[in-house]
Amino acid sequence: MGAVTSTAPSPGPPDSSLLDLAPVIPVVIVHDVADAVPMARALVAGGLPAIEVTFRTPAAADAIRAIADEVPDAVVGAGTVLTQEQVETAVAAGSRFLVTPGWTDRLLGALDASGLPYLPGVSTTSEVVALLERGVEEMKFFPAEAAGGTAYLKALASPLPRARFCPTGGVHASNALGYLSLPNVGCVGGTWMLPPDALEAGDWARVESLAREAAALRR
């Protein structure tokens with residue numbers, strides 16, 4: 001899942017890409033830190049080791065730290081990263097990769113300085129070209145369905161063959177395979193293996209089962 005083709009270290013096996021660790025990256029919003037570890041263990045047990053914890057709640061940094069400390073088989077990263085301060089917080093908490101919904105030159109500089117693999121968010125051809133100019137070849141396509149979905153990514157494959165994507169936003173169990181069948185998609189991001197009622201009930205067995213189904217999605 002090495003989000004950049006640069007000198008940034010990979011969180012997986014040597015020479016691996018972040019996009020190749022699993023077909024799906026669970027996108028996690030943690031409200032209660034106590035849920036972080038059992039949730040991560042269920043996802044990993046189901047075959048989804050890469051876990052994106054979004055900076056959408058005050059619990060995010062502590063959740064990343066708990067997963068990094070207590071779930072050694074998880075590759076935990078930070079999502080919805082918007083500022084240099086969040087980059088630094090994510091790194092200090094033990095994140096092994098970073099994901100953004102979009103990017104600016106300032107944010108890209110902070111991502112580069114972190115030394116971690118990252119997936120900067122794009123939704124237009126010009127953003128993709130600008131990142132390719134900077135040596136970034138792996139990106140988050142967001143919001144995937146609203147920005148054109150599989151048809152848009154298919155159209156990019158021929159003129160921009162170096163770019164690889166993790167589509168996120170509106171991706172679910174019913175359409176994930178359509179994305180994964182594209183040559184320029186390495187994996188997808190989604191939340192469907194984390195239904196709110198299962199999280200509220202602490203039904204980690206159900207989370208593990210849904211994660212296993214997601215991990216079985218292949219081209």
Side-chain angles (χ1 to χ4, degrees), residues 1 18-19 21-82 86 89-90 93-101 119 121 140-147 149-150 165-181 185-218:
M1 245 175 164
L18 182 64
L19 300 184
L21 287 182
V24 180
I25 299 177
V27 179
V28 176
I29 301 174
V30 178
H31 295 280
D32 187 344
V33 176
D35 291 336
V37 168
M39 177 174 54
R41 286 174 175 159
L43 292 170
V44 171
L48 301 180
I51 301 169
E52 176 189 337
V53 178
T54 63
F55 270 121
R56 300 184 192 182
T57 70
D62 287 337
I64 292 169
R65 185 175 294 106
I67 294 170
D69 289 345
E70 300 184 45
V71 191
D73 291 331
V75 179
V76 63
T80 319
V81 175
L82 299 172
Q86 287 180 327
T89 298
S95 292
R96 296 173 66 182
F97 64 92
L98 305 169
V99 184
T100 74
L119 292 173
K140 171 180 176 175
F141 179 54
F142 176 84
E145 284 289 283
T150 56
F165 300 95
C166 173
T168 306
V171 181
H172 48 74
S174 298
N175 64 8
L177 198 56
Y179 283 99
L180 291 169
S181 67
V185 170
C187 66
V188 299
T191 63
W192 72 88
M193 70 298 301
L194 297 160
D197 58 339
L199 299 183
E200 185 176 349
D203 189 351
W204 309 121
R206 182 180 173 199
V207 170
E208 180 180 340
S209 177
L210 291 171
R212 186 170 290 107
E213 292 175 4
L217 293 172
R218 297 289 178 183

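Atom set for the values below is all heavy atoms of this structure, side chains included, hydrogens, waters and symmetry mates excluded. The model shown is predicted, which means the values in this text are computed figures rather than measured ones.
By the 4.5 Å heavy-atom criterion applied to side chains, Leu194 and Ile29 are not counted as neighbours. Here the side chains of His31 and Leu199 are not in contact, with every heavy-atom distance at 4.5 Å or above. In this structure, Arg206 and Pro195 have side chains that are in contact, with non-hydrogen atoms separated by less than 4.5 Å. When side chains are defined from C-beta on, Asn175 counts as touching His172, because their heavy atoms get closer than 4.5 Å.
In terms of modelled atom types and a separation under 3.5 Å, the side chain of Thr168 and the main chain of Phe142 share no donor-acceptor contact.
Considering all non-hydrogen atoms of both residues, Val76 and Gly94 come closest at CG1-O, 4.1 Å. Residues Leu21 and Pro49 approach most closely at O-CG, 4.4 Å, considering heavy atoms. Counting all heavy atoms, side chain and backbone alike, Val37 lies closest to Ala66 at CG2-O, 3.7 Å. Contact record, Val188 with Cys166: C-SG, 3.7 Å, taken as the closest heavy-atom pair. The shortest heavy-atom contact between Thr80 and Glu52 is N-OE2, 4.1 Å. Closest of all the heavy-atom pairs between Pro101 and Leu82 is CG-CD2, 3.5 Å.
Once rounded to the nearest 0.5 Å, the distance linking OG1 of Thr191 with CG of Leu210 reads 11.0 Å. Atom CG of Leu19 and atom CZ of Phe165 lie 10.0 Å apart (nearest 0.5 Å). One distance of note links CD1 of Ile51 with CG of Leu43; it measures 4.5 Å at 0.5 Å rounding.
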* Yes or no on side chain to side chain contact (heavy atoms under 4.5 Å, CB included) for Phe97 and Val75, after CA distance, side-chain angles and deciding distance? -> CA-CA 8 Å; Phe97 64 92; Val75 179; 4.0 Å; yes

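Applying the salt bridge (Lys or Arg N to Asp or Glu O under 4.0 Å) test to every pair with at least one member in residues 26-44, sequence neighbours left out, gives no pairs at all.
Shown here are the side chain to side chain contact (heavy atoms under 4.5 Å, CB included) partners of Ala90, two or more places apart in sequence or in another chain: Phe55, Ala78, Ser95, Leu98.
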